[in-house]
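Beneath this line is the structure, given in structure tokens, with notes to follow.
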2 protein chains.
Amino acid sequence: MKDLTAQQSKVLNCIEESINKTGFPPTRAEICQKLGFKSPNAAESHLRALEKKNIISIAGGSSRGISIKNKKSSSGASIPVIGLVAAGSATLASENIEREINVDPSLFSRNVDYFLKVKGLSMIEDGIYEDDLVAIHKTNDFKNGDLAVVRTEDDVTLKYIFKENHKLLLKPANKDFDPIHIDLRNESAEVEGIGIGLIRKN
Amino acid sequence: MKDLTAQQSKVLNCIEESINKTGFPPTRAEICQKLGFKSPNAAESHLRALEKKNIISIAGGSSRGISIKNKKSSSGASIPVIGLVAAGSATLASENIEREINVDPSLFSRNVDYFLKVKGLSMIEDGIYEDDLVAIHKTNDFKNGDLAVVRTEDDVTLKYIFKENHKLLLKPANKDFDPIHIDLRNESAEVEGIGIGLIRKN
DNA sequence: AAAAATACTATATATTTATACAGTATAAAA
DNA sequence: TTTTATACTGTATAAATATATAGTATTTTT
């Protein structure tokens, strides 16, 4: 399957979010509003691109006629829990899966691909504690300030992300931890997904 | 909950079928076509009846704006979410139930009876934020230091609980809030349940 | 170097759709 | 007995919506 562009991913997210939140797909105008487009044709052409890539189907002549293909079982999905243990390990590879839990997919605003078990105290000031399970939506698309799972050259970390040109700032929520600065011209870094929720067990 | 009439059930089935088959809810006209009605108002009035009975919700001014409320999914128990709104109100009475969510019962250490939607910032220093859903196990048995839902004479509150003889201490996790001291000889207070976990949606 | 895909703005319009209003008729509840 | 809910037909229309067309600009592929 062809990869989606950043904009196409945004549109797809927007559709998923609408279905989860309202129960029905968005109109062209609603997509435009959410993503800041000024012409309905911006949404239209992205939808046609997604249709061409076989990600969605569009029912001609009917309003909100968008449906996402190969939709995963809508209820009670089994979602893996991944431990953030050693360097470079937050993948869905089976050896990293601690266990699976069943949650309502409509619980969070977007599709949850996995839960990341938090290690360390770097986000403690924003209420993210050790052993909390952070719900991750896999995407490489993010906004500044998003809570992101970032794979750097020698680590995988959960931090607030800010990007400005070639500079990446990974900001913890703990004054005892230093922000991580990455110059993308010298080092590589990849956004694996963004945090959309949290589960804590006492 | 009131029972549905035969026709209302047919309409509800029609909506479910449409969502399953096409991915989006039907229009009035489509309902009429499927069920053999000749007037769009036939569908409309059935929809309004279903809305009145709290089975569906209808988004005004938007096409196909029908969504089925608290649709249960196959796995995972359906657990109510209760808003901590006004004084003395955290009960399982249906008028306090904001919605229901499906979670794996084995997710938390004990049985979850309901989720309490947090209002206010009194527990913020321990990572419990406004609008977080705290998983509550109904019990009046507790240990000192437990996070408890306590019904006092004029309020329902979520605090750490400590009991010593006839004195009850309800301790917030926010230095801007004062601990609540209750002398059980003068005032009544009841433990509704204890917090065993948390769900946060970003 | 040319073609195709991406990523939009801007405008227009036919069609879809929700929704109101006016009726008719029957059954159930107050 | 009167009201309320159910169960429709039939007509009308404002608003919502899909969708076409005409552009501009950049990037990617061939």
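Just so we're on the same page: letters track the sequence lines, and every chain starts at 1. Keep in mind it's a predicted model, so treat the numbers as computed, not measured.
Residue order along DNA chain D, read from the 5' end via each residue's closest nucleotide, puts B:Lys52 first among B:Lys52 and B:Ser62.
To the nearest angstrom, C1' of C:dT17 lies 10 Å from CD of B:Glu30. The nearest whole Å value for the distance from the CD atom in A:Gln7 to the P atom in C:dT9 is 10 Å. In this structure, the CZ atom of A:Arg28 is 16 Å from the P atom of C:dT9, given to the nearest Å.
The only member of A:Leu133, A:Leu198, A:Leu107 that meets side chain to side chain contact (heavy atoms under 4.5 Å, CB included) when paired with B:Ile199 is A:Leu107.
Salt bridge A:Arg48/A:Glu44: present, at least one basic N to carboxylate O contact under 4.0 Å. The pair A:Asp131-A:Lys119 meets the salt-bridge criterion, since a charged nitrogen lies less than 4.0 angstrom from a carboxylate oxygen.
No donor-acceptor pair under 3.5 Å is formed between the side chain of B:Arg110 and the backbone N or O of B:Ile136. A donor-acceptor contact shorter than 3.5 Å is absent between the side chain of A:Asp126 and the backbone of A:Met123. Of the possible polar contacts, none joining the B:Thr157 side chain to the B:Arg151 backbone as a donor-acceptor pair under 3.5 Å is found. With hydrogens and angles ignored, the 3.5 Å screen pairs a side-chain donor or acceptor of A:Arg64 with a backbone N or O of A:Pro25. A donor-acceptor pair under 3.5 Å links the side-chain atoms of B:Ser45 to the main chain of B:Ala42, judged by distance alone.
A heavy-atom distance below 4.0 Å to DNA chain D is reached by these residues of residues 34-50 of chain A, ordered by number: A:Pro40, A:Asn41, A:Glu44, A:Arg48.
The nucleotide range of DNA chain D contacted by chain A, defined by atoms under 4.0 angstrom from heavy atoms of the protein and reported 5' to 3', is D:dT17 to D:dA22.
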### Test side-chain hydrogen bond (donor to acceptor under 3.5 Å, both in side chains) applied to B:Lys69 and B:Asn54, step by step
CA-CA 7 Å; B:Lys69 287 194 172 181; B:Asn54 215 35; 2.7 Å; yes
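Remark: A:Glu187 engages no residue in a side-chain hydrogen bond (donor to acceptor under 3.5 Å, both in side chains) (not counting sequence neighbours). Residues satisfying the side-chain hydrogen bond (donor to acceptor under 3.5 Å, both in side chains) test with A:Asp141, not counting sequence neighbours, are none.
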Might you list the N or O atoms of the protein lying below 3.5 Å from N or O atoms in nucleotides 28-30 of chain C, with each pair's distance?
none

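Taking the screw axis at each terminus of the helix from C:dA1-D:dT30 to C:dA30-D:dT1 from five consecutive base pairs, the angle between the two is 40° to within rounding of 10 degrees.
In summary, the aromatic rings of B:Phe37 and B:His46 are positioned with their centroids under 6.0 Å apart.
Minimum interatomic distance between A:Leu50 and A:Leu12 (heavy atoms only, all atoms of both residues): CD1-N, 4.2 Å.
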